[in-house]
S.K.: 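Take a look at the following structure, please.
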Protein chains: 2
Amino acid sequence: MNQFVKFISQFISLSNEDTIALENVLSNKSYKAGDKIVQEGSICNSILFTVSGKSRSYFVNHEGQEFTWNFHFNDADSKFENYFLVDYYSFLRQTPSHLTIEALEDIEAITLSYTNIQKIVSKSINLEKVASIMSATAYENVHKRAFTLLTSNAKERYLQLLKDEPYLLNKFQHYLIASYLGVAPQSLSRLRKEISKP
Amino acid sequence: MNQFVKFISQFISLSNEDTIALENVLSNKSYKAGDKIVQEGSICNSILFTVSGKSRSYFVNHEGQEFTWNFHFNDADSKFENYFLVDYYSFLRQTPSHLTIEALEDIEAITLSYTNIQKIVSKSINLEKVASIMSATAYENVHKRAFTLLTSNAKERYLQLLKDEPYLLNKFQHYLIASYLGVAPQSLSRLRKEISKP
DNA sequence: TACTTTCATTCACATTTGTGAAGAAATGAA
DNA sequence: TTCATTTCTTCACAAATGTGAATGAAAGTA
(Lines give C-alpha, C1' and ligand atoms only; values in the text may rest on other atoms or scores of the structure.)
Protein backbone atom coordinates (compact mmCIF):
# COMPACT_ATOMS: atom_id res chain seq x y z
CA MET A 1 0.00 0.00 0.00
CA ASN A 2 1.08 3.50 -0.82
CA GLN A 3 2.89 5.16 2.12
CA PHE A 4 1.00 8.38 1.75
CA VAL A 5 -2.36 6.63 1.75
CA LYS A 6 -1.27 4.67 4.80
CA PHE A 7 -0.35 7.89 6.50
CA ILE A 8 -3.68 9.52 5.74
CA SER A 9 -5.53 6.44 6.95
CA GLN A 10 -4.18 7.05 10.43
CA PHE A 11 -6.28 10.17 10.65
CA ILE A 12 -9.33 9.48 8.56
CA SER A 13 -11.06 6.26 7.59
CA LEU A 14 -11.05 6.04 3.82
CA SER A 15 -13.57 4.10 1.80
CA ASN A 16 -12.33 1.89 -1.02
CA GLU A 17 -13.40 4.53 -3.52
CA ASP A 18 -11.55 7.23 -1.59
CA THR A 19 -8.42 5.12 -1.52
CA ILE A 20 -8.55 4.43 -5.22
CA ALA A 21 -9.32 8.05 -6.06
CA LEU A 22 -6.38 9.12 -3.95
CA GLU A 23 -3.97 6.57 -5.33
CA ASN A 24 -4.88 7.55 -8.87
CA VAL A 25 -3.65 11.10 -8.43
CA LEU A 26 -0.42 10.25 -6.64
CA SER A 27 2.90 9.70 -8.33
CA ASN A 28 6.46 9.00 -7.29
CA LYS A 29 9.32 11.37 -7.63
CA SER A 30 12.96 11.16 -6.64
CA TYR A 31 15.71 13.69 -6.14
CA LYS A 32 19.46 13.51 -5.79
CA ALA A 33 21.30 14.95 -2.80
CA GLY A 34 21.82 18.65 -3.46
CA ASP A 35 18.77 19.03 -5.70
CA LYS A 36 16.43 21.91 -5.07
CA ILE A 37 13.01 20.38 -4.50
CA VAL A 38 11.30 23.73 -4.13
CA GLN A 39 12.90 26.82 -5.64
CA GLU A 40 12.51 30.27 -4.14
CA GLY A 41 10.58 32.42 -6.59
CA SER A 42 8.75 29.60 -8.32
CA ILE A 43 5.20 28.60 -7.52
CA CYS A 44 4.80 25.56 -5.36
CA ASN A 45 2.19 23.56 -7.22
CA SER A 46 2.43 20.24 -5.47
CA ILE A 47 2.80 18.77 -2.03
CA LEU A 48 5.50 16.18 -1.67
CA PHE A 49 5.34 13.48 0.98
CA THR A 50 8.75 12.21 2.07
CA VAL A 51 9.22 8.47 1.82
CA SER A 52 12.95 8.43 2.50
CA GLY A 53 15.88 10.81 2.73
CA LYS A 54 16.51 14.04 4.61
CA SER A 55 15.95 17.56 3.37
CA ARG A 56 15.68 21.04 4.78
CA SER A 57 13.73 24.14 3.93
CA TYR A 58 15.27 27.58 4.33
CA PHE A 59 14.86 31.27 3.72
CA VAL A 60 17.53 33.52 2.33
CA ASN A 61 17.64 37.07 3.65
CA HIS A 62 18.67 40.16 1.72
CA GLU A 63 22.32 39.55 2.55
CA GLY A 64 22.29 36.05 1.16
CA GLN A 65 22.36 34.39 4.57
CA GLU A 66 20.40 31.18 4.84
CA PHE A 67 18.00 30.50 7.71
CA THR A 68 16.70 26.99 8.15
CA TRP A 69 12.97 26.95 8.40
CA ASN A 70 12.47 23.27 9.02
CA PHE A 71 13.95 19.80 8.67
CA HIS A 72 12.15 17.10 6.74
CA PHE A 73 12.46 13.34 7.04
CA ASN A 74 10.36 10.28 7.64
CA ASP A 75 11.26 8.01 10.50
CA ALA A 76 10.26 7.20 14.08
CA ASP A 77 11.28 10.67 15.26
CA SER A 78 9.50 12.67 12.63
CA LYS A 79 6.39 14.67 13.32
CA PHE A 80 3.44 15.30 11.09
CA GLU A 81 4.86 18.38 9.46
CA ASN A 82 8.28 16.86 8.87
CA TYR A 83 6.97 14.63 6.12
CA PHE A 84 5.78 17.34 3.83
CA LEU A 85 7.88 19.25 1.36
CA VAL A 86 5.92 22.33 0.45
CA ASP A 87 5.77 26.07 0.95
CA TYR A 88 2.18 26.28 2.15
CA TYR A 89 2.22 30.01 1.72
CA SER A 90 3.03 29.62 -1.94
CA PHE A 91 0.87 26.55 -2.35
CA LEU A 92 -2.30 28.03 -0.85
CA ARG A 93 -2.12 31.21 -2.87
CA GLN A 94 -0.28 29.88 -5.90
CA THR A 95 2.22 32.70 -5.58
CA PRO A 96 6.03 32.60 -5.77
CA SER A 97 7.68 30.68 -2.95
CA HIS A 98 9.85 32.39 -0.35
CA LEU A 99 11.19 29.07 0.78
CA THR A 100 13.79 26.85 -0.82
CA ILE A 101 13.76 23.13 -0.09
CA GLU A 102 17.01 21.33 -0.62
CA ALA A 103 17.68 17.59 -0.61
CA LEU A 104 20.42 16.76 1.88
CA GLU A 105 20.37 13.13 0.78
CA ASP A 106 18.77 11.27 -2.09
CA ILE A 107 15.02 11.61 -1.69
CA GLU A 108 12.11 9.37 -2.54
CA ALA A 109 8.81 11.17 -2.42
CA ILE A 110 5.16 10.90 -3.34
CA THR A 111 3.68 13.90 -5.07
CA LEU A 112 0.17 15.32 -5.08
CA SER A 113 -0.49 18.33 -7.28
CA TYR A 114 -2.57 21.40 -6.48
CA THR A 115 -5.10 20.69 -9.19
CA ASN A 116 -5.40 17.04 -8.18
CA ILE A 117 -6.06 18.02 -4.59
CA GLN A 118 -8.94 20.20 -5.73
CA LYS A 119 -10.32 17.29 -7.72
CA ILE A 120 -10.27 14.70 -4.97
CA VAL A 121 -11.34 17.12 -2.26
CA SER A 122 -14.46 18.03 -4.16
CA LYS A 123 -15.30 14.35 -4.48
CA SER A 124 -14.94 13.27 -0.88
CA ILE A 125 -15.77 14.91 2.41
CA ASN A 126 -13.22 12.75 4.15
CA LEU A 127 -10.46 13.95 1.90
CA GLU A 128 -11.52 17.49 2.55
CA LYS A 129 -10.85 16.82 6.22
CA VAL A 130 -7.33 15.75 5.37
CA ALA A 131 -6.69 19.03 3.63
CA SER A 132 -8.00 20.96 6.59
CA ILE A 133 -5.95 18.91 9.06
CA MET A 134 -2.86 19.59 7.00
CA SER A 135 -3.43 23.30 6.77
CA ALA A 136 -4.32 23.60 10.44
CA THR A 137 -1.11 21.78 11.29
CA ALA A 138 0.90 24.03 9.05
CA TYR A 139 -0.65 26.99 10.78
CA GLU A 140 0.09 25.66 14.25
CA ASN A 141 3.65 24.99 13.28
CA VAL A 142 4.39 28.46 11.99
CA HIS A 143 2.49 30.00 14.87
CA LYS A 144 4.64 28.16 17.39
CA ARG A 145 7.77 29.16 15.53
CA ALA A 146 6.84 32.83 15.58
CA PHE A 147 5.91 32.67 19.26
CA THR A 148 9.22 31.11 20.21
CA LEU A 149 11.24 33.59 18.19
CA LEU A 150 9.37 36.54 19.64
CA THR A 151 9.39 35.52 23.26
CA SER A 152 12.66 33.75 23.93
CA ASN A 153 16.38 34.30 23.53
CA ALA A 154 18.95 31.99 21.95
CA LYS A 155 19.59 29.97 25.09
CA GLU A 156 15.91 29.41 25.74
CA ARG A 157 15.35 28.39 22.14
CA TYR A 158 18.16 25.87 22.36
CA LEU A 159 16.83 24.45 25.63
CA GLN A 160 13.43 24.12 24.03
CA LEU A 161 14.94 22.25 21.11
CA LEU A 162 16.72 19.95 23.56
CA LYS A 163 13.39 19.26 25.18
CA ASP A 164 11.11 19.02 22.14
CA GLU A 165 13.26 17.65 19.34
CA PRO A 166 16.70 16.62 20.64
CA TYR A 167 17.03 14.00 17.88
CA LEU A 168 17.62 16.81 15.39
CA LEU A 169 21.09 17.22 16.88
CA ASN A 170 22.04 13.73 15.74
CA LYS A 171 20.39 13.94 12.37
CA PHE A 172 21.53 17.32 11.09
CA GLN A 173 24.72 19.30 11.15
CA HIS A 174 25.02 21.84 13.89
CA TYR A 175 25.47 24.80 11.62
CA LEU A 176 22.06 23.95 10.17
CA ILE A 177 20.58 23.63 13.64
CA ALA A 178 22.11 27.02 14.44
CA SER A 179 20.41 28.66 11.50
CA TYR A 180 17.17 26.96 12.56
CA LEU A 181 17.52 28.58 15.98
CA GLY A 182 18.50 31.88 14.42
CA VAL A 183 21.99 32.07 15.91
CA ALA A 184 25.56 31.87 14.62
CA PRO A 185 27.15 28.40 14.72
CA GLN A 186 29.77 29.66 17.18
CA SER A 187 27.03 30.90 19.47
CA LEU A 188 25.36 27.51 19.42
CA SER A 189 28.68 25.94 20.30
CA ARG A 190 29.07 28.32 23.21
CA LEU A 191 25.56 27.59 24.44
CA ARG A 192 26.16 23.85 24.26
CA LYS A 193 29.34 24.20 26.30
CA GLU A 194 27.65 26.42 28.85
CA ILE A 195 24.68 24.08 29.26
CA SER A 196 26.59 20.81 29.36
CA LYS A 197 28.54 21.78 32.50
CA PRO A 198 26.85 24.25 34.79
CA MET B 1 -25.86 47.50 5.82
CA ASN B 2 -23.82 45.52 8.28
CA GLN B 3 -20.14 46.52 8.25
CA PHE B 4 -18.96 42.94 8.23
CA VAL B 5 -21.15 42.02 5.29
CA LYS B 6 -19.90 45.11 3.48
CA PHE B 7 -16.35 44.03 4.14
CA ILE B 8 -16.96 40.53 2.84
CA SER B 9 -18.66 41.89 -0.26
CA GLN B 10 -15.40 43.50 -1.31
CA PHE B 11 -13.93 40.07 -1.86
CA ILE B 12 -16.82 37.91 -2.92
CA SER B 13 -20.09 38.71 -4.59
CA LEU B 14 -22.87 37.59 -2.30
CA SER B 15 -26.34 36.66 -3.45
CA ASN B 16 -29.31 38.03 -1.54
CA GLU B 17 -29.73 34.68 0.14
CA ASP B 18 -26.08 34.63 1.14
CA THR B 19 -26.35 38.12 2.59
CA ILE B 20 -29.43 37.26 4.60
CA ALA B 21 -27.96 33.97 5.79
CA LEU B 22 -24.85 35.82 6.88
CA GLU B 23 -26.67 38.65 8.62
CA ASN B 24 -28.81 36.20 10.52
CA VAL B 25 -25.85 34.66 12.26
CA LEU B 26 -24.07 37.89 13.15
CA SER B 27 -24.53 39.81 16.35
CA ASN B 28 -23.11 42.92 17.96
CA LYS B 29 -20.91 42.97 20.98
CA SER B 30 -19.17 45.75 22.84
CA TYR B 31 -16.30 45.90 25.29
CA LYS B 32 -14.96 48.52 27.65
CA ALA B 33 -11.35 49.69 27.54
CA GLY B 34 -9.29 47.24 29.55
CA ASP B 35 -11.61 44.28 28.96
CA LYS B 36 -10.13 40.99 27.88
CA ILE B 37 -11.80 40.09 24.60
CA VAL B 38 -9.97 36.79 24.29
CA GLN B 39 -8.53 35.16 27.40
CA GLU B 40 -5.43 33.00 27.33
CA GLY B 41 -6.42 29.46 28.25
CA SER B 42 -10.02 29.71 27.11
CA ILE B 43 -11.25 28.41 23.79
CA CYS B 44 -11.79 31.02 21.12
CA ASN B 45 -15.21 30.11 19.81
CA SER B 46 -16.00 33.16 17.76
CA ILE B 47 -14.40 35.57 15.37
CA LEU B 48 -14.91 39.23 16.16
CA PHE B 49 -14.82 41.88 13.47
CA THR B 50 -13.76 45.29 14.77
CA VAL B 51 -16.16 48.13 14.00
CA SER B 52 -14.49 50.73 16.18
CA GLY B 53 -11.86 51.00 18.89
CA LYS B 54 -8.31 49.79 19.23
CA SER B 55 -7.13 46.57 20.79
CA ARG B 56 -4.02 44.46 20.86
CA SER B 57 -3.27 40.78 21.08
CA TYR B 58 -0.31 39.49 23.05
CA PHE B 59 1.47 36.45 24.37
CA VAL B 60 2.78 36.11 27.89
CA ASN B 61 6.00 34.16 28.31
CA HIS B 62 6.94 31.99 31.29
CA GLU B 63 8.34 35.01 33.12
CA GLY B 64 5.13 36.97 32.82
CA GLN B 65 6.49 39.31 30.15
CA GLU B 66 4.01 40.40 27.52
CA PHE B 67 4.81 40.31 23.80
CA THR B 68 2.47 42.08 21.44
CA TRP B 69 1.38 39.83 18.65
CA ASN B 70 -0.68 42.30 16.69
CA PHE B 71 -2.64 45.53 16.80
CA HIS B 72 -6.28 45.63 15.84
CA PHE B 73 -8.36 48.54 14.61
CA ASN B 74 -10.56 49.53 11.73
CA ASP B 75 -9.72 52.66 9.79
CA ALA B 76 -8.05 53.77 6.58
CA ASP B 77 -4.68 52.44 7.72
CA SER B 78 -5.83 49.03 8.79
CA LYS B 79 -5.10 45.89 6.84
CA PHE B 80 -7.21 42.80 6.39
CA GLU B 81 -5.93 41.04 9.44
CA ASN B 82 -6.21 44.07 11.70
CA TYR B 83 -9.98 43.86 11.79
CA PHE B 84 -10.25 40.43 13.29
CA LEU B 85 -10.08 39.61 16.95
CA VAL B 86 -9.40 35.91 17.17
CA ASP B 87 -6.72 33.39 18.01
CA TYR B 88 -6.92 31.35 14.81
CA TYR B 89 -4.84 28.63 16.34
CA SER B 90 -7.40 28.19 19.10
CA PHE B 91 -10.31 28.82 16.80
CA LEU B 92 -9.36 26.28 14.13
CA ARG B 93 -8.70 23.49 16.58
CA GLN B 94 -11.07 24.59 19.33
CA THR B 95 -8.25 24.32 21.83
CA PRO B 96 -7.21 26.74 24.59
CA SER B 97 -5.92 30.07 23.35
CA HIS B 98 -2.31 31.15 23.78
CA LEU B 99 -3.17 34.71 22.94
CA THR B 100 -4.85 37.33 25.02
CA ILE B 101 -6.71 40.14 23.29
CA GLU B 102 -7.17 43.27 25.30
CA ALA B 103 -9.32 46.31 24.53
CA LEU B 104 -7.21 49.47 24.60
CA GLU B 105 -10.30 51.58 24.05
CA ASP B 106 -14.02 50.90 24.12
CA ILE B 107 -14.74 48.43 21.33
CA GLU B 108 -17.71 47.85 19.08
CA ALA B 109 -17.55 44.54 17.27
CA ILE B 110 -19.56 42.10 15.21
CA THR B 111 -19.34 38.50 16.25
CA LEU B 112 -19.59 35.28 14.27
CA SER B 113 -19.44 32.03 16.20
CA TYR B 114 -17.60 28.85 15.25
CA THR B 115 -20.78 26.82 14.94
CA ASN B 116 -22.47 29.51 12.88
CA ILE B 117 -19.56 29.63 10.48
CA GLN B 118 -19.90 25.90 9.90
CA LYS B 119 -23.60 26.38 9.21
CA ILE B 120 -23.29 29.13 6.64
CA VAL B 121 -20.20 27.68 5.00
CA SER B 122 -21.97 24.41 4.31
CA LYS B 123 -24.82 26.35 2.68
CA SER B 124 -22.86 28.53 0.29
CA ILE B 125 -19.77 27.98 -1.79
CA ASN B 126 -19.10 31.69 -1.82
CA LEU B 127 -19.00 31.84 1.95
CA GLU B 128 -16.65 28.93 1.97
CA LYS B 129 -14.30 31.05 -0.09
CA VAL B 130 -14.44 33.76 2.55
CA ALA B 131 -13.40 31.28 5.21
CA SER B 132 -10.53 30.11 3.09
CA ILE B 133 -9.41 33.66 2.30
CA MET B 134 -9.41 34.45 5.97
CA SER B 135 -7.42 31.43 6.96
CA ALA B 136 -4.95 31.86 4.13
CA THR B 137 -4.46 35.46 5.22
CA ALA B 138 -3.96 34.42 8.82
CA TYR B 139 -1.37 31.96 7.63
CA GLU B 140 0.45 34.52 5.51
CA ASN B 141 0.52 36.92 8.37
CA VAL B 142 2.04 34.56 10.87
CA HIS B 143 4.43 33.24 8.23
CA LYS B 144 5.72 36.72 7.54
CA ARG B 145 6.08 37.40 11.24
CA ALA B 146 8.14 34.26 11.80
CA PHE B 147 10.29 35.01 8.75
CA THR B 148 11.07 38.52 9.96
CA LEU B 149 11.90 37.40 13.47
CA LEU B 150 14.17 34.65 12.23
CA THR B 151 16.05 36.58 9.61
CA SER B 152 16.47 40.13 10.90
CA ASN B 153 17.75 41.96 13.92
CA ALA B 154 16.02 44.65 15.97
CA LYS B 155 17.14 47.53 13.77
CA GLU B 156 16.01 45.83 10.58
CA ARG B 157 12.67 44.96 12.12
CA TYR B 158 12.16 48.57 13.13
CA LEU B 159 13.10 49.81 9.67
CA GLN B 160 10.65 47.36 8.16
CA LEU B 161 7.93 48.64 10.45
CA LEU B 162 8.77 52.20 9.40
CA LYS B 163 8.36 51.11 5.82
CA ASP B 164 5.34 48.82 6.04
CA GLU B 165 3.23 50.19 8.86
CA PRO B 166 4.60 53.51 10.10
CA TYR B 167 1.14 54.63 11.23
CA LEU B 168 1.36 52.20 14.13
CA LEU B 169 3.80 54.60 15.79
CA ASN B 170 1.11 57.26 16.01
CA LYS B 171 -1.65 54.94 17.04
CA PHE B 172 -0.03 52.87 19.76
CA GLN B 173 2.30 53.52 22.62
CA HIS B 174 5.93 52.86 21.97
CA TYR B 175 6.37 50.31 24.68
CA LEU B 176 3.70 48.26 22.91
CA ILE B 177 5.45 48.72 19.58
CA ALA B 178 8.65 47.60 21.28
CA SER B 179 7.08 44.37 22.48
CA TYR B 180 5.69 43.88 18.97
CA LEU B 181 9.22 44.12 17.60
CA GLY B 182 10.55 41.90 20.37
CA VAL B 183 12.86 44.48 21.94
CA ALA B 184 13.01 46.44 25.19
CA PRO B 185 11.38 49.90 25.11
CA GLN B 186 14.75 51.50 25.83
CA SER B 187 16.26 49.69 22.87
CA LEU B 188 13.52 50.97 20.60
CA SER B 189 14.23 54.46 21.85
CA ARG B 190 17.91 54.03 21.09
CA LEU B 191 17.15 52.74 17.60
CA ARG B 192 14.85 55.67 16.91
CA LYS B 193 17.54 58.13 17.96
CA GLU B 194 20.17 56.37 15.89
CA ILE B 195 18.00 56.28 12.79
CA SER B 196 16.62 59.82 12.98
CA LYS B 197 20.08 61.44 12.72
CA PRO B 198 22.68 59.42 10.89
C1' DT C 1 -4.72 75.36 37.68
C1' DA C 2 -1.83 71.92 40.37
C1' DC C 3 -1.05 67.20 41.17
C1' DT C 4 -0.45 62.48 39.87
C1' DT C 5 0.45 58.97 36.83
C1' DT C 6 2.13 57.11 32.77
C1' DC C 7 5.28 57.00 29.17
C1' DA C 8 9.49 58.17 26.33
C1' DT C 9 14.10 59.13 26.49
C1' DT C 10 18.76 59.03 28.06
C1' DC C 11 22.69 57.20 30.41
C1' DA C 12 25.94 53.84 32.36
C1' DC C 13 26.82 49.39 32.68
C1' DA C 14 25.83 44.29 32.19
C1' DT C 15 24.75 40.54 29.33
C1' DT C 16 24.05 38.37 25.09
C1' DT C 17 25.21 37.46 20.57
C1' DG C 18 28.05 38.11 16.33
C1' DT C 19 32.54 37.76 13.97
C1' DG C 20 36.97 36.37 12.28
C1' DA C 21 40.75 33.49 13.07
C1' DA C 22 42.81 29.35 14.62
C1' DG C 23 43.03 24.75 15.71
C1' DA C 24 40.79 20.21 16.73
C1' DA C 25 37.77 16.75 15.35
C1' DA C 26 35.14 14.35 12.14
C1' DT C 27 34.21 12.91 7.57
C1' DG C 28 35.03 11.44 3.00
C1' DA C 29 38.05 10.16 -0.86
C1' DA C 30 42.00 8.02 -2.93
C1' DT D 1 45.82 3.90 5.75
C1' DT D 2 46.84 8.97 4.39
C1' DC D 3 45.37 13.23 2.70
C1' DA D 4 41.94 16.72 1.85
C1' DT D 5 37.76 18.74 3.09
C1' DT D 6 34.25 19.93 6.06
C1' DT D 7 32.47 20.84 10.46
C1' DC D 8 32.81 21.85 15.34
C1' DT D 9 34.86 24.19 18.97
C1' DT D 10 37.42 27.73 21.26
C1' DC D 11 39.11 32.26 21.87
C1' DA D 12 39.40 37.34 21.84
C1' DC D 13 37.17 41.12 20.71
C1' DA D 14 33.26 43.85 18.63
C1' DA D 15 28.55 44.95 18.22
C1' DA D 16 23.87 44.55 19.66
C1' DT D 17 20.58 44.37 23.07
C1' DG D 18 18.93 44.25 27.96
C1' DT D 19 18.51 46.48 32.53
C1' DG D 20 17.86 49.68 36.25
C1' DA D 21 17.82 54.36 37.46
C1' DA D 22 17.06 59.09 36.54
C1' DT D 23 14.83 62.73 34.11
C1' DG D 24 11.53 65.15 31.70
C1' DA D 25 7.44 65.22 28.74
C1' DA D 26 2.76 64.15 28.11
C1' DA D 27 -1.63 62.90 29.55
C1' DG D 28 -5.14 62.31 32.83
C1' DT D 29 -7.56 63.87 37.22
C1' DA D 30 -9.16 66.59 41.01
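Protein chains get the first letters and strands the later ones, always in sequence-line order, with residue 1 at the start of each.
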S.K.: Of the nucleotides C:dT19, D:dT9, D:dT19, which has the atom closest to the A:Ser187 side chain?
M.R.: C:dT19
S.K.: Just checking, any donor-acceptor pair under 3.5 angstrom between side chains of A:Ser113 and A:Asn116?
M.R.: yes
S.K.: How many angstroms lie between CZ in A:Phe71 and NZ in A:Lys171, if you round to the nearest 0.5 Å?
M.R.: 11.5 Å
S.K.: How close or far is atom P of D:dT19 from atom CD of B:Gln65, stated in whole angstroms?
M.R.: 6 Å
S.K.: Looking only at the side chain of A:Lys193 (C-beta and beyond, no hydrogens), which of the listed nucleotides D:dT10, D:dT17, D:dT9 gets closest?
M.R.: D:dT10
S.K.: My understanding is that only residues two or more places apart in sequence, or in another chain, count here; which of them pass ring-ring contact (aromatic ring centres under 6.0 Å, His included) with A:Tyr31?
M.R.: none
S.K.: 5'-most contact on DNA chain C: B:Arg190 or B:Gln173, nearest heavy atom basis?
M.R.: B:Gln173
S.K.: Given that B:Gly182 and A:Pro185 both sit by DNA chain D, which one's nearest nucleotide is further toward the 5' end?
M.R.: A:Pro185
S.K.: Which residue, A:Leu188 or B:Leu176, contacts DNA chain C at a nucleotide closer to its 5' end, judged by nearest heavy atom?
M.R.: B:Leu176
S.K.: Side chain to side chain donor-acceptor pair (under 3.5 Å) between B:Arg93 and A:Thr137: does it pass, once the steps are laid out?
M.R.: CA-CA 9 Å; B:Arg93 291 277 204 183; A:Thr137 304; 3.3 Å; yes
S.K.: If you restrict it to nitrogen or oxygen atoms, what contacts under 3.5 Å exist between nucleotides 21-27 of chain D and the protein, and what is each distance?
M.R.:
none

S.K.: Does C:dT9 have its OP1 or OP2 closer than 4.0 Å to a side-chain nitrogen or oxygen of B:Arg192?
M.R.: yes
S.K.: When you measure from every atom of DNA chain C, which of residues 153-168 of chain B have a heavy atom less than 4.0 Å away?
M.R.: none
S.K.: Mind jotting down which residue pairs meet the salt bridge (Lys or Arg N to Asp or Glu O under 4.0 Å) criterion with at least one end in residues 27-42 of chain B? Sequence neighbours excluded, please.
M.R.: B:Lys32-B:Asp106
S.K.: Starting at CZ of B:Phe172 and ending at C1' of C:dT6, how long is that distance when rounded to a whole Å?
M.R.: 18 Å
S.K.: Go through C:dG18, D:dT10, C:dA8 for me and flag the one nearest to the B:Ser189 side chain.
M.R.: C:dA8
S.K.: Could I get the full list of ring-ring contact (aromatic ring centres under 6.0 Å, His included) partners for A:Tyr89, not counting sequence neighbours?
M.R.: A:His98, B:His143
S.K.: Whole angstroms only, please: what is the CD-C1' distance between B:Glu194 and C:dC11?
M.R.: 16 Å
S.K.: Does a side-chain N-to-carboxylate-O contact under 4.0 Å join B:Glu194 and B:Lys155?
M.R.: yes
S.K.: Below 3.5 Å, can you tabulate the donor-acceptor pairs from side chains in residues 144-151 of chain B to any protein atom, sequence neighbours excluded?
M.R.:
{"from": "B:Arg145", "atom 1": "NH1", "to": "B:Trp69", "atom 2": "O", "distance (Å)": "2.5"}
{"from": "B:Arg145", "atom 1": "NH2", "to": "B:Thr68", "atom 2": "O", "distance (Å)": "3.4"}
{"from": "B:Arg145", "atom 1": "NH2", "to": "B:Tyr180", "atom 2": "O", "distance (Å)": "2.3"}
{"from": "B:Thr148", "atom 1": "OG1", "to": "B:Lys144", "atom 2": "O", "distance (Å)": "2.9"}
{"from": "B:Thr151", "atom 1": "OG1", "to": "B:Phe147", "atom 2": "O", "distance (Å)": "2.8"}

S.K.: Would you say the side-chain atoms of B:Asn70 and B:Ser57 include a donor-acceptor pair closer than 3.5 Å?
M.R.: no
